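Nothing here was measured: the structure is a model prediction, and the numbers come from that model. Numbers restart at 1 for each chain; the letters A, B, ... are given by sequence-line order, proteins then strands. Below, each value reflects all heavy atoms present in this structure, side chains not excepted, and no hydrogens, waters or symmetry copies.
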Number of protein chains: 2
Amino acid sequence: MTATREPLSRERVLNAALALADAGGTDALTMRRLGQELGVEAMSLYRHVANKDAVLAGIVDQVISEITLPPPSDGWKAAMRSRGVAAHQALIRHPWAPALLMSRTNTGPAMLRYIDYTLGVLREAGFSWRLTDYAWNTMDSYIYGFTLRKLNFPIAQPDYADVASAHVHLLAGGGFPYMAEMTRHVMAGNHPGDPDLTFGLDLILDGLERLRG
Amino acid sequence: MTATREPLSRERVLNAALALADAGGTDALTMRRLGQELGVEAMSLYRHVANKDAVLAGIVDQVISEITLPPPSDGWKAAMRSRGVAAHQALIRHPWAPALLMSRTNTGPAMLRYIDYTLGVLREAGFSWRLTDYAWNTMDSYIYGFTLRKLNFPIAQPDYADVASAHVHLLAGGGFPYMAEMTRHVMAGNHPGDPDLTFGLDLILDGLERLRG
DNA sequence: GCTGTAAGCTTACGACGTAAGCAAGAGTGC
DNA sequence: GCACTCTTGCTTACGTCGTAAGCTTACAGC
């Protein structure tokens, strides 16, 4: 009289893995817990997935697939700008993702699509192959770097007050006058502690525009 | 008649940890192996170090301390440029470091010194606090992001031929025309596969110069 | 019914970080 | 010389991890 449960599948495994990572970060994603979440023993997962690394690759690609790619007809600059913002937003929605994304070689279908789109927009806008490669690399280095940094910046975290007070004694020592003053400015509200992606992105895009001629 | 061995110390532990990470990456750095390297049991390390996380924080700060900071008298732009290059080089010397650097909140003495230096150069060059913060954030997001990306880019690895041939079938499918063509250009030697830090860095610095007015 | 194949289960191994308590030696005060 | 404390390193053990090897069960096609 037991209802025959839905059989496992690579897709079901990856969905559960994504949910687990979203809920508790990479640490919460273990094969045992993943099995538990699916009502199955850990070893059963290996019928549908080569190993844990494949799971990680799968969920990273899933996140990349969430990046909405604007139509190239918007013009290369606008397209690259909103592509960058969309990537940043998708990654922020899954805070565990950037570290994974940047510390592995990713060749999932969504990633390849995403790269090909980017190269295509730049090429069609008249950038040389060399400049296209450099431009792509520069933008993505910045976007991913910025996102990862932001996620680990104490200021962006709810326990900012704790962190700040824990470090105040370091700054008070007098060895780091500029940091101390900067902290004072941020705490006084003169200046947003939360960094802004578009500042640097626009800097890069304007520079690329000038190089394109 | 056994020679009394050199007693452990936080410094000796960190030095050995750094050597271990340099030799085999983060995975090779375990408390047991670290003890073994020092001729000591793993648990003995805990007398000199709070836990493994403290070890990681220690060696990351060690790497940061290797970044040579140019004299601010060179002018802010030249100083920021060679600071960036120096940071990149130091991180490349310790390929395991960028991932660690970017996935934790770092408040070691070398890191604080490094940040304070950067803020100081920008402030003394006349940047507002707001612009100083944005500039610092943009530069470092790019530098770290670029370095981490480069380390995980298959092209930078000795097994590039393998990696390329393993992915050729994906490109050959026709779904990714621009990537395919780019790969062809790189393989034909028309274009360096190895990315260049200074391209993006100069883009950013030129943009900052314009903003400073 | 028989048999082949797939899906999930069981057990087990060798890592890992580290908590708790023990042992042995080095100073120190008398 | 002797007890005392403090420091340093060692022993043992626990719970967790990824996953190799082999087993069981259920169903499909004949």
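Distances from the side chain of Thr30(A) to the nucleotides dG9(D), dG17(C), dC17(D) place dC17(D) closest. The listed nucleotides are dT19(D), dG8(C), dT18(C); the one nearest the side chain of His48(A) is dG8(C). Of the candidate nucleotides dA7(C), dG17(C), dG18(D), dG18(D) has the atom lying nearest to any side-chain atom of Tyr46(A). When the nucleotides dG22(D), dT19(D), dG17(C) are ranked by their closest atom to the side chain of Asn51(A), dT19(D) comes out on top. Comparing dC9(C), dG9(D), dC17(D) by their closest approach to the side chain of Leu8(B) singles out dG9(D).
Two residues, Ser44(A) and Ala42(B), neighbour DNA chain C, and the one matched to the more 5' nucleotide by heavy-atom proximity is Ser44(A).
For an aromatic pair to be called close, the ring centres must be under 6.0 Å apart, and Tyr134(A) with Phe199(B) satisfies this.
Across the protein-nucleic acid pair, Leu45(A) atom CG and dC9(C) atom C1' stand 12 Å apart, rounded to whole Å. One atom, CD of Gln36(B), and another, P of dG9(D), lie 17 Å apart when rounded to the nearest Å. Per the geometry, CG belonging to Asp27(B) stands 16 Å off C1' belonging to dG14(C), to the nearest Å.
Atom CZ of Arg123(A) is surrounded by more than 12 heavy atoms from other residues, nucleotides or ligands within 6.0 Å.
With contacts defined as side-chain heavy-atom distances shorter than 4.5 Å, the pair Trp76(B)/Leu208(B) qualifies.
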Filtered N/O pairs between nucleotides 12-14 of chain D and protein, under 3.5 Å:
none

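Between Asp74(B) and Arg83(B) there is no salt bridge, since no side-chain N of the basic residue sits under 4.0 Å from a carboxylate O of the acidic one.
Identified under the salt bridge (charged side-chain N to carboxylate O under 4.0 Å, His left out) test for residues 16-31 of chain A, with sequence neighbours left out: none.
With sequence neighbours left out, Ala97(B) forms a side-chain contact (heavy atoms from CB on, under 4.5 Å) with Val63(B), Leu91(B), His94(B).
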